[in-house]
Amino acid sequence: MLIATWNVNSIKSRIDLAVRWLEEARPDVVCLQELKCVDEAFPREAIEALGYNVAVHGQKTYNGVAILSRFPIEDVTVGLPGDDADEQARFVEAVVSTGEGAVRVGGLYLPNGNPAPGPKYDYKLAWMERLIAHARGRLALEEPFVLAGDYNVIPAKQDAKRPEVWVKDALFLPQTRAAWRRLLALGFTEALRATDEADGVYTFWDYQAGAWQKNDGIRIDHLLLSPQAADRLLAVRVDRHVRSWERPSDHVPVVIELAA
DNA sequence: ATGGCAGGCCCAGCCTGA
């Protein structure tokens with residue numbers, strides 16, 4: 001089965017391109033981020049027409065996440081536990097039941113955190129602590145579990161074309177990467193890094209300054225796998241060609257293949 | 001050397017993003 005993550009940067013302005021990619025790639029499960037619309041405005045019909053069930057956690061103008069699945073979706077929860085006052089739509093989780101058994105999928109849009117230091121960076125770090133606490137509980141279930149999304153974390157200098165320009169950025173600061181490592185140390189396998197072919201592979205290129213043409217990218221979209229999911233990991237790929245399509249998102253899809 | 005984009009939104013400049 002194919003599980004993907006993709007920050008679409010507005011699903012309403014990207015729906016034609018999303019349909020094109022879904023028809024081409026035919027993923028079984030997709031985590032989408034930055035919908036930038038409320039639930040009612042999500043282009044549900046166009047997605048369902050391709051055979052997907054849809055779980056949406058939308059928000060006006062900002063954020064917004066969804067899970068699409070060709071398999072039945074059960075046990076949908078929205079919002080990241082740990083702060084009832086947090087109104088930002090950045091987390092959705094569901095269980096997809098395949099013929100071979102269930103896989104739990106969490107889709108996330110981790111806060112950008114700039115400028116750092118400041119309240120936005122504090123929010124990012126607090127959000128990462130909540131994610132670590134939640135993930136710890138999920139891993140204790142010892143299920144196939146995939147935590148996928150736009151992490152807004154550049155894990156290492158190999159994950160940026162020009163790491164030197166990111167040293168004071170919230171995506172790359174030592175505290176950010178330390179929290180990232182603590183998340184992984186809970187027992188996750190990072191899919192692309194597990195292939196040993198991650199260096200120089202990017203998932204985001206800024207719209208500005210000809211970043212795409214210069215391949216001036218960063219790798220910030222990740223899929224983390226529980227041991228039970230990692231045992232089934234067959235392949236990982238980045239669909240970078242989507243960045244060259246007309247009116248693209250600034251992110252491209254990342255896809256993993258799990259056995260059965 | 002500098003700046004360079006895109007999307008949403010009370011539709012026009014401002015906020016946000018990374």
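Because the structure is predicted, anything quoted here is derived from the model rather than measured. For the numbers below, each heavy atom of this structure counts, side chains included, while hydrogens, waters and symmetry mates do not. Chain letters run A, B, ... following the sequence lines, proteins first, then strands; residues in each count from 1.
- Rounded to an integer number of Å, the gap from A:R243 CZ to B:dC5 P is 13 Å.
- Spacing between B:dT16 and B:dC10 at atom P, rounded to whole Å, works out to 15 Å.
- Proximity of A:R247 to the phosphate of B:dC5: no side-chain N or O atom is located under 4.0 Å from OP1 or OP2.
- Take A:R26 and apply the side chain to side chain donor-acceptor pair (under 3.5 Å) test, not counting sequence neighbours, and it matches no residue.
- Note on residues 97-118 of chain A: no pairs pass ring pair (Phe, Tyr, Trp, His ring centres under 6.0 Å), not counting sequence neighbours.
- A ring pair (Phe, Tyr, Trp, His ring centres under 6.0 Å) check over residues 151-170 of chain A, counting only residues at least two apart or in different chains, returns the pairs A:Y151-A:W180, A:Y151-A:H222.
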Revision key, fill the gap. Whether each nucleotide of nucleotides 8-18 of chain B has a protein heavy atom under 4.0 Å at its base (B), only at its sugar-phosphate (S) or at neither (-) is summarised, 5' to 3', as SSS-----SSB

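- Other residues sharing the hydrophobic cluster of A:L234, ordered by chain and number and joined by side-chain separations under 4.5 Å: none, the residue standing alone.
- B:dG4 sits 15 Å from B:dC14 when the P atoms are compared, rounded to a whole Å.
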Review point. Should A:Y207 and A:N9 be marked as a side chain to side chain donor-acceptor pair (under 3.5 Å) after you check the CA-CA gap, both sets of side-chain angles, and the distance that decides it?
Key: CA-CA 12 Å; A:Y207 289 119; A:N9 185 18; 3.1 Å; yes

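- With sequence neighbours left out, A:D169 forms a side chain to side chain donor-acceptor pair (under 3.5 Å) with A:N114.
- Distance check on atom C1': B:dA12 versus B:dT2 gives 27 Å, rounded to whole Å.
- The P atoms of B:dA18 and B:dG7 are separated by 14 Å, rounded to the nearest whole Å.
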